[in-house]
A.B. asks: 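Please read through the structure below; I'll follow up with questions.
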Amino acid sequence: MDSGTERSDEVEGLRLIRAFLSLPPDKRAEAIAFVEGLALAQGRPERGTEASPR
């Protein structure tokens, strides 16, 4: 990955964090529940084990 792409990913991540923090508490809870559901659907490694990169 070149530095331009890394910079773009970093900026996008900061935008997502800013958008999340601007949500009211009830919408934040919905967003967290949604992401947790996605994580469960993808399958998580057992506790205490490291996730391997895909």
Side-chain angles (χ1 to χ4, degrees):
M1 200 184 306
D2 64 33
S3 64
T5 303
E6 287 178 24
R7 183 75 145 166
S8 177
D9 289 345
E10 182 177 311
V11 169
E12 186 62 26
L14 291 173
R15 286 182 184 146
L16 288 171
I17 291 169
R18 182 183 293 164
F20 176 77
L21 292 175
S22 70
L23 292 172
D26 60 324
K27 294 295 183 183
R28 284 189 203 175
E30 285 181 36
I32 291 169
F34 177 75
V35 171
E36 286 176 341
L38 289 176
L40 288 173
Q42 291 293 317
R44 293 190 204 170
E46 294 298 318
R47 274 206 149 165
T49 61
E50 293 293 319
S52 60
R54 292 184 183 206

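Every heavy atom of this structure was used, including side-chain atoms; hydrogens, water molecules and symmetry mates were not.
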A.B. asks: Minimum heavy-atom separation for S22 and A19, please, with both atom names.
C.D. replies: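 Between these two residues, the closest heavy atoms are OG-O, 2.7 Å.
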A.B. asks: Would you say the side chain of L16 lies within less than 4.5 Å of the side chain of F20, judging by non-hydrogen atoms?
C.D. replies: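 No, side chains not in contact.
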A.B. asks: Are I32 and I17 co-members of a hydrophobic cluster defined by side-chain heavy atoms under 4.5 Å apart?
C.D. replies: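 Per the 4.5 Å side-chain linkage, I17 and I32 are co-clustered.
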A.B. asks: Within this structure, what is the CZ-CG distance for the pair R28 and L21, rounded to the nearest 0.5 Å?
C.D. replies: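 That separation rounds to 5.5 Å.
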